[in-house]
Number of protein chains: 2
Amino acid sequence: MQPLSESQEDYLKSIFQLSENSTRLVSAMELADRMDVKPASVTSMLKKLAKLSLIDYTPYQGVALTPSGKLVALEVLRHHRLIELFLTEFLDFGWEEVHEQAEKLEHVISEELEARMAEKLGHPTHDPHGDPIPTVDLELPESPLLANLLRTAENHTGVIKRVTSQDRDFLNLLNRLELNIGVELRVISQERGGVRIQTATDQFLIPVDMASKIWMEAE
Amino acid sequence: MQPLSESQEDYLKSIFQLSENSTRLVSAMELADRMDVKPASVTSMLKKLAKLSLIDYTPYQGVALTPSGKLVALEVLRHHRLIELFLTEFLDFGWEEVHEQAEKLEHVISEELEARMAEKLGHPTHDPHGDPIPTVDLELPESPLLANLLRTAENHTGVIKRVTSQDRDFLNLLNRLELNIGVELRVISQERGGVRIQTATDQFLIPVDMASKIWMEAE
DNA sequence: ATAAATATTTAGACAAGCCTAAAAATATGC
DNA sequence: GCATATTTTTAGGCTTGTCTAAATATTTAT
């Protein structure tokens, strides 16, 4: 198999992530939005990826990864997440800074460099945002079942396990609130405006759209 | 100034390196050879770089960097050499492995990542091959005067300070001969076939084309 | 069920960076 | 100094990945 372009890798990665939590097909619009590209561009790339048997593409219906397309996506994701963790662990970057760097680096690191980073990091299973890192065999590691903060029972105490956003401003906000991966908090109440929580030092009402990005270990 | 493409950066870096040890202009052929591209492609890129005021280009004569073109070249070179050193120091790569990785990474690391690597490395002045690393102000550090092994006096004892080749096979050969940066050797004799040297453990006749890549601190 | 709205695809264009082939300029050898 | 060889440029073409505008398909709402 010939090497894929960075753009092709990005499309496959996006298709994977858009379909990760469902079995439905991914639409052209979704891809266009996420990749910040016009729908017409998506269509033309989808035709190419289909010709390479990396996706199953039904015009007007949507797209799904084939097994080999999924492997490519997982490989890129492994690079991305190892890089993010490496940058935080060895170069003192904050979790809010590493996504942008990783977006570029993920396409240019060799398998050898991937392997060395994994080794130095002790073959980690999760990146600084709590996202699972595909194994060297390109399987997603078993993650404990997580529950969204919006669905965490009142009075339950738990630990933040994952934050599903790469938005710098949002992550910066969480930094200032000391709401990082591993932090323990208690849900005081679920309210129409969001989730009222108690941390070691403070009480906050976390607005719905913020809370929806925060995941706790399931009870 | 808008961001340059990887290709443009590569051209500027090559022009810099081809003209580093002389004041003469760089020819299109030289560039085509070094960049593994046809001369016609060089011409068309030179026109673009000239329009951006990154080079002074006289058709049929050759090309030289302008001050701003030189800054770009030094920036890329700084990235390249910091990356090489980082890979050897922190990820256990050999000096023969790092050039290829750095060729790709040099174009995609942020200024922030450059700064963190420099800091972790203690603001180094030379890379694993003994090549000088441009400072953060984009000036080449003062290097002690070096003498080519071919021009090192018989019976002189000195230390290998620089190897001006990135060829994997050549560097691998030097590894097996234990002829690395910092190794002390004595020149037994300059011969028509090369340089006969004495290391801690062995005697070798280093062929001319190998010796010409090896540099010793000047006497 | 059909009209209106939305999503998708097609058609055609463009920029970058490469190519080949041919023309033009420069350099070399006798 | 002229003929030949070499180098460089021009002209035109190709691929990748994007775009806009228009055509077509699908979905939604009445």
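Proteins get letters first, then strands, A, B, ... in listed order; numbering begins at 1 in each. Given the structure is predicted, the values throughout are model-derived calculations rather than measurements.
Contact between the side-chain N/O atoms of B:Ser5 and the OP1/OP2 oxygens of C:dG17 is found at a separation under 4.0 Å. Considering only side-chain N and O atoms, A:Tyr57 lies nowhere under 4.0 angstrom from the phosphate OP1 or OP2 of C:dT8. Distances shown here put every side-chain N or O of B:Ser44 at or beyond 4.0 Å from the OP1 or OP2 atom of D:dT9. Taking side-chain N and O atoms only, B:Tyr60 has no distance below 4.0 Å to OP1 or OP2 of D:dT10.
Look at CE on B:Met45: it is 16 Å from P on D:dT10, rounded to the nearest Å. Separating the CG atom of B:Leu52 from the C1' atom of C:dG17 is a distance of 14 Å, rounded to the nearest angstrom. Rounded to whole Å, the distance from NZ on B:Lys48 to P on C:dA15 is 11 Å. The distance between atom CE of A:Met35 and atom C1' of C:dT8, rounded to the nearest whole Å, is 17 Å. Regarding A:Leu46, its CG atom lies at a distance of 10 Å from the C1' atom of C:dT8, rounded to whole Å. What separates CG of B:Leu4 from C1' of C:dG17 is a distance of 15 Å, to the nearest Å. Protein atom NZ of B:Lys47 is 15 Å distant from nucleotide atom C1' of C:dA15, rounded to whole Å.
Residue contacts shown for B:Thr43 include a base, since a base heavy atom lies under 4.0 Å away. Nucleic acid contact class of A:Val37 (heavy atoms, under 4.0 Å, all strands): sugar-phosphate only. Backbone-only engagement by B:Ala28 is indicated by non-hydrogen atom pairs under 4.0 Å involving sugar-phosphate atoms exclusively. Nucleic acid contact for A:Pro39: base, since at least one base atom lies under 4.0 Å from a heavy atom of the residue.
Between A:Glu111 and A:His79, some side-chain heavy-atom pair lies under the 4.5 Å cut-off.
Comparing A:Pro59 and A:Gln8 by the nucleotide of DNA chain D that holds the closest heavy atom to each, the one mapping nearer the 5' end is A:Gln8.
In this structure, A:Arg196 is not positioned above the aromatic face of A:Phe204 in the sense of NZ or CZ being under 6.0 Å from the six-membered ring centre and within 45° of the axis.
Between the side chain of B:Gln190 and the backbone N or O of B:Thr152, at least one donor-acceptor pair lies under 3.5 Å.
A salt bridge is absent between B:Glu106 and B:Arg81: the closest approach of a Lys/Arg side-chain nitrogen to an acidic carboxylate oxygen does not fall below 4.0 angstrom.
A donor-acceptor pair shorter than 3.5 Å can be found between the side chains of A:Gln101 and B:Ser110.
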